[in-house]
Amino acid sequence: MSFADCFYTGYEMPKLTDMTNREIAEVFEQVADLLEFEGANPFRVGAYRNGARKISDLPEPLSAIVDDEQRQLTDIDGIGKDLAEKIGTLLATGSLPMLAELLERIPSTVLALLRVPGLGPKKAAILYQELGVNSLEDLRNVCEAEQVRGLKGFGAKTEATILKGLAVAETALERMRWVEADAVVTELLDFLRQHAGIKQMEMAGSYRRGCETVGDLDVLVEAADASAVMDHFGNYPEIADVLACGDTKMSVRLAHGLQIDLRVVPSESFGAALQYFTGSKDHNVVVRGRAKQQGLKVNEWGVFREDAQEAETYLAGRTEEDVYAALGLPWFPPEVREAREEFDWASQGALPQLVELADIRGDLHMHTSASDGKASLTEMIEAARARGLQYIAITDHSQRVSMAGGLDGARLRAQWAEIDRIRKEFDDIVVLKGIECDILERGGMDLPDDVLAEADWVIASVHYGQRQSREQITERILGALENPHVDILAHPTGRLINRREPYAVDIDQVFVAASKHGKFLELNANPARLDLHDIHCAAAKRHGIPIVISTDAHSPAGLEVMRHGVQQARRGGITPADVANARSWEKFRGLLEQKY
DNA sequence: GCCGTTTTCGGCCCGACTGTTTTCAGTCG
């Protein structure tokens, strides 16, 4: 059927493309990079970057907004007439003429130059125009030939800085997972604390905001003698390179590539600096914009009233609470400082009371040595009880996961008989007879319905056929959600942070189906998974789907990761009421029986 | 390119540090 046929028969043309929000955001990011390289108006560049971020933060697909006649793309903050048109073009055709034109003028390979620390768009453009530098390899050659130092605005030191930066860019350092950064932080703070002059110390930046990955570390210190603190920091054995060292700031790179920025401030500025360096950048832009409207100025030193004759009066800065209060704002938990919804919540006086680790009463996903766990049933139960949990579910793998020794119906029923026996020994913890049942490649569940019907708790999950098409894998998962015995979908997108992309699943359809059939969705707390991620948590909440935060523990120590899941949930604005396993056993049982 | 309790033009957060500079541009967070 041709286009014309569709027109005349009224047949609805199928969508030509299926671009996801993320793919569209990536196009805008690339446009921003290329425009920046061309020396375009920085605010125009910023508009593309901001648009890209707003799109990737969106809890629903852009196509859903386009298809809805009641709504406009321009309703999205940061998306104006022009970007809305470009989104339309991308959804309709899968490509953007503007990007093609930019790529005709600038080879995309030059963008690699921007990854070199110390090299921004201006210097990179000069290198490209004057010396024809087109890749990291070219860059190394011209530096080693000492051609760079002759350029206007460059010198021998810049050349040396670029050579150092090249080593960083060539290793393409990826952002560290939060849990790995946490290990570095523990050691670092232990070392810094040895200095007696430190009165107060806090981590800031993306680490404090609990981001799933961390690009660098920001340490904030209150001390009277800044240079003494920096001297002490300079002796930290892991330091490979000192990048900068001034009166109040010192930047270093550790041997494995991680950058650490240390700031030393006086007591009256500690809160302001903590607010400032915690970010996010976008959150701070909004904070400063608000200050400006009120005739105030905010920087890392405090909140100031701008008086006549360029004089300034210090208003606040000792604590973060003071800083926000001076601007008429509540204190925001660091996890929500992303310029997403937090300012709307504040203006409505409805900042959510975010879930905390202490709210968690149950853990509904864990393995034993019956499949690929490291500990026995009794050991897992005892470990959960020692953590004060009221209820748990034992959920070993099903038979399809042969590598993990998955259980068939007979072995599973034997395990349940053992649970029945053991239950009598533990009267202070409820142990549910569960299973993590695979969703088969061809669709359908890995165990027969009569087995699943006997379970207290059925987790459905995908382990095989992860690379299936969007249609195939979505169909499989929707099929599982329609099964009356299934209670929850585990690790709904299958992603492994920095290691494996999510399945191609249409997650929006999963939300709709989960809500329709009264199924829970898991936030898998394993720090390599954190699946659902923060935006998806917020989306699930919008759909009214209770989230279950689970450790997927394979040993008693594995129960420890619950805190990572809670942190991720907080980033999604999740409260105890949104988390099924933050309820008492009685209330959780009610939720389960009624399919919420 | 976006936006509006300075609303259709003229703004757009703010400061530290470095290197190549003779007063500042570039980069970074």
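Everything quoted here is computed from the prediction, not taken from an experiment. Letters A, B, ... are given to chains in the order of the sequence lines, protein chains preceding strands, and every chain is numbered from 1.
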Please state how far atom [atom1] in [X] lies from atom [atom2] in [N], giving the value in whole angstrom units.
{"X": "A:Trp301", "N": "B:dC14", "atom1": "CH2", "atom2": "C1'", "value": "13 Å"}
{"X": "A:Arg290", "N": "B:dG11", "atom1": "CZ", "atom2": "P", "value": "23 Å"}
{"X": "A:Phe154", "N": "B:dT20", "atom1": "CZ", "atom2": "C1'", "value": "11 Å"}
{"X": "A:Leu262", "N": "B:dC17", "atom1": "CG", "atom2": "P", "value": "11 Å"}
{"X": "A:Glu312", "N": "B:dG15", "atom1": "CD", "atom2": "C1'", "value": "12 Å"}
{"X": "A:Arg44", "N": "B:dC2", "atom1": "CZ", "atom2": "P", "value": "10 Å"}
{"X": "A:Lys152", "N": "B:dT20", "atom1": "NZ", "atom2": "P", "value": "13 Å"}
{"X": "A:Ile162", "N": "B:dG19", "atom1": "CD1", "atom2": "P", "value": "12 Å"}

Examine B:dC13: is either OP1 or OP2 under 4.0 Å from a nitrogen or oxygen in the side chain of A:Asn284? Give yes or no. no
Verify the contact: side-chain N or O of A:Lys54 to OP1 or OP2 of B:dC2, cut-off strictly under 4.0 Å; return yes or no. no
What is the nucleic acid contact for [X], judged by heavy atoms within less than 4.0 Å: base, sugar-phosphate only, or nothing?
{"X": "A:Ala156", "result": "sugar-phosphate"}
{"X": "A:Val286", "result": "nothing"}
{"X": "A:Thr161", "result": "nothing"}

Taking atom [atom1] in both [N] and [M], compute the distance separating them and give it to the nearest angstrom.
{"N": "B:dC12", "M": "B:dG19", "atom1": "P", "answer": "30 Å"}
{"N": "B:dC17", "M": "B:dT21", "atom1": "P", "answer": "22 Å"}
{"N": "B:dG11", "M": "B:dT6", "atom1": "C1'", "answer": "10 Å"}
{"N": "B:dC9", "M": "B:dC14", "atom1": "P", "answer": "25 Å"}
{"N": "B:dC28", "M": "B:dT20", "atom1": "P", "answer": "15 Å"}

Can you find a side-chain donor-acceptor pair between [X] and [Y] that sits under 3.5 Å?
{"X": "A:Glu342", "Y": "A:His283", "answer": "yes"}
{"X": "A:Thr158", "Y": "A:Arg149", "answer": "no"}
{"X": "A:Ser56", "Y": "A:Asn21", "answer": "no"}
{"X": "A:Gln275", "Y": "A:Asn284", "answer": "yes"}
{"X": "A:Lys123", "Y": "A:Tyr128", "answer": "no"}
{"X": "A:Arg177", "Y": "A:Thr213", "answer": "no"}

Go ahead and name the base partner of B:dA16; Watson-Crick or wobble counts if both distances stay under 3.5 Å, otherwise write none. B:dT27
Under the side-chain hydrogen bond (donor to acceptor under 3.5 Å, both in side chains) rule, collect the residues that match up with A:Glu26, sequence neighbours excluded. none
A:Glu137 atom CD, over 12 foreign heavy atoms within 6.0 Å: no
Heavy-atom count around A:Gln194 CD within 6.0 Å, excluding the residue itself: above 12? yes
At under 4.0 Å between heavy atoms, how does the protein contact nucleotides 23-29 of chain B? Give one character per nucleotide, 5' to 3', with B, S or -. ---SSSB
Side-chain touch A:Gln567/A:Trp178, heavy atoms, less than 4.5 angstrom: yes
Nearest-nucleotide comparison on DNA chain B, the residue closer to the 5′ end among A:Arg288 and A:Met250: A:Arg288
Start at the 5' end of DNA chain B and walk down; is the nucleotide closest to A:Ala47 or to A:Lys157 reached first? A:Ala47
Could you run down the sub-3.5 Å N/O contacts of the protein with nucleotides 3-8 of chain B?
{"residue": "B:dC3", "atom": "OP1", "partner": "A:Gly78", "partner atom": "N", "Å": "2.6"}

